[in-house]
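Quantities reported herein were computed from a predicted structural model and do not represent experimental measurements.
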Amino acid sequence: MNTVVAGITYRALLGRRRIILLLVLPLGLIGLAVLLRLFGETGQRSAMLLMDNFAINTMLPLLGLIAGTGVIAPEIDDGTIIHLLSKPISRPVIIRTKFLVAASLLAVFGAIPTYVSAWLLVSNEDGIASGFALGALLAGIAYAAVFLLLGVLTRHAVAIGIIYALVWETLVGGFLPGARKFSIQQWGKSIADQISDSAFLKADVTLGFAVPALIIVTVAAVFWAGRRLRAFSLTGDE
């Protein structure tokens with residue numbers, strides 16, 4: 001990790017409108033949890049519905065898209081990446097640093113609010129809060145890697161990311177059980193199911209598939225992004 005690149009990336013990402021987007025979703029999640037608590041809907045079923053439908057299915061992929069593409073895609077679009085590439089810094093190091101920045105943002109804005117929201121509803125009953133927090137963390141890291149790769153591969157990273165998250169994971173995965181095996185959301189839920197003893201949570205993907213899939217996708221995406229950036233010339237053309 002290069003601390004200079006990390007500092008530049010944090011300042012660029014958190015100093016733009018993306019910080020508002022990064023805050024709106026987790027604050028919305030916590031706000032919904034507070035409302036449910038005020039109205040007495042604090043059972044495991046309510047917590048599971050909120051964690052499943054909002055935290056994992058909606059908030060997490062959108063945060064991953066904002067952070068993953070945001071750490072590099074704007075620099076490629078406006079040409080400022082050229083200044084960074086002209087420095088004596090290994091391009092795989094640049095990618096790994098930006099990945100770690102994106103992953104850390106997913107931990108802060110994704111995993112922590114997920115734990116807080118679940119805890120507000122059921123404390124840590126049956127491991128629901130810790131299970132979903134860990135699932136959100138690991139799935140968020142995978143999202144950060146995949147969307148970082150998209151940011152390097154194409155100028156249409158946001159559109160493609162939305163198609164993947166909303167069309168493939170939500171629509172296709174909702175109708176075709178086999179497609180869920182290739183869903184980062186489902187891998188995160190498998191982690192949550194392993195830790196939680198709640199009868200309201202049942203993962204559609206086995207842990208034996210989810211864990212290797214998370215590792216392989218994350219490592220492969222970061223590696224591929226590093227290789228791709230190596231082919232990026234100082235003129236901005238491949």
Where do [X] and [Y] come nearest, in terms of heavy atoms and distance?
{"X": "L201", "Y": "D193", "result": "O-OD1, 3.2 Å"}
{"X": "G110", "Y": "L63", "result": "CA-CD1, 3.8 Å"}
{"X": "A133", "Y": "A111", "result": "O-CB, 3.6 Å"}
{"X": "L25", "Y": "M59", "result": "CB-CG, 3.7 Å"}
{"X": "T69", "Y": "A157", "result": "CG2-CB, 3.8 Å"}
{"X": "S190", "Y": "A203", "result": "CA-CB, 3.6 Å"}

Side chains of [X] and [Y] in contact at under 4.5 Å (non-hydrogen atoms):
{"X": "F54", "Y": "S117", "answer": "no"}
{"X": "I56", "Y": "F132", "answer": "yes"}
{"X": "L65", "Y": "Y143", "answer": "no"}
{"X": "L137", "Y": "L106", "answer": "no"}
{"X": "I72", "Y": "I95", "answer": "yes"}
{"X": "L134", "Y": "I195", "answer": "yes"}
{"X": "K98", "Y": "L84", "answer": "yes"}
{"X": "V152", "Y": "W224", "answer": "no"}

Using a 3.5 Å distance criterion without hydrogens, assess whether the side chain of [X] forms a donor-acceptor pair with backbone atoms of [Y].
{"X": "D52", "Y": "M48", "result": "no"}
{"X": "S196", "Y": "A192", "result": "no"}
{"X": "W119", "Y": "I128", "result": "no"}
{"X": "N2", "Y": "V4", "result": "yes"}

Under 3.5 Å, side-chain donor or acceptor atoms of residues 144-151 against the rest of the protein: list the pairs with distances, not counting sequence neighbours.
none

Value rounded to 0.5 Å, distance of [atom1] in [X] from [atom2] in [Y]:
{"X": "R155", "Y": "I76", "atom1": "CZ", "atom2": "CD1", "result": "7.5 Å"}
{"X": "L50", "Y": "L36", "atom1": "CG", "atom2": "CG", "result": "6.0 Å"}
{"X": "L27", "Y": "L32", "atom1": "CG", "atom2": "CG", "result": "11.0 Å"}
{"X": "L229", "Y": "L85", "atom1": "CG", "atom2": "CG", "result": "5.0 Å"}
{"X": "Q44", "Y": "L121", "atom1": "CD", "atom2": "CG", "result": "11.0 Å"}
{"X": "L29", "Y": "T58", "atom1": "CG", "atom2": "OG1", "result": "10.0 Å"}

Is it possible for you to say whether [X] and [Y] belong to one hydrophobic cluster, with membership spreading through side-chain heavy-atom contacts below 4.5 Å?
{"X": "F182", "Y": "I160", "result": "yes"}
{"X": "F109", "Y": "L120", "result": "no"}
{"X": "L49", "Y": "L35", "result": "no"}

Check your understanding: Can you name the one residue among K189, E169, Q186 that meets side-chain hydrogen bond (donor to acceptor under 3.5 Å, both in side chains) with N57?
Key ->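 The residue from K189, E169, Q186 that satisfies side-chain hydrogen bond (donor to acceptor under 3.5 Å, both in side chains) with N57 turns out to be K189.
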Point to revise | Within residues 27-38 or reaching into it, pairs that qualify as side chain to side chain donor-acceptor pair (under 3.5 Å) - sequence neighbours excluded | key: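 Those involving residues 27-38 do not exist here.
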Show me the donor-acceptor pairs, under 3.5 Å and distance only, between side chains in residues 206-222 and residues at least two apart or in other chains.
| unit_1 | atom_1 | unit_2 | atom_2 | d |
| --- | --- | --- | --- | --- |
| T206 | OG1 | F209 | N | 3.4 |
| T218 | OG1 | L214 | O | 2.7 |

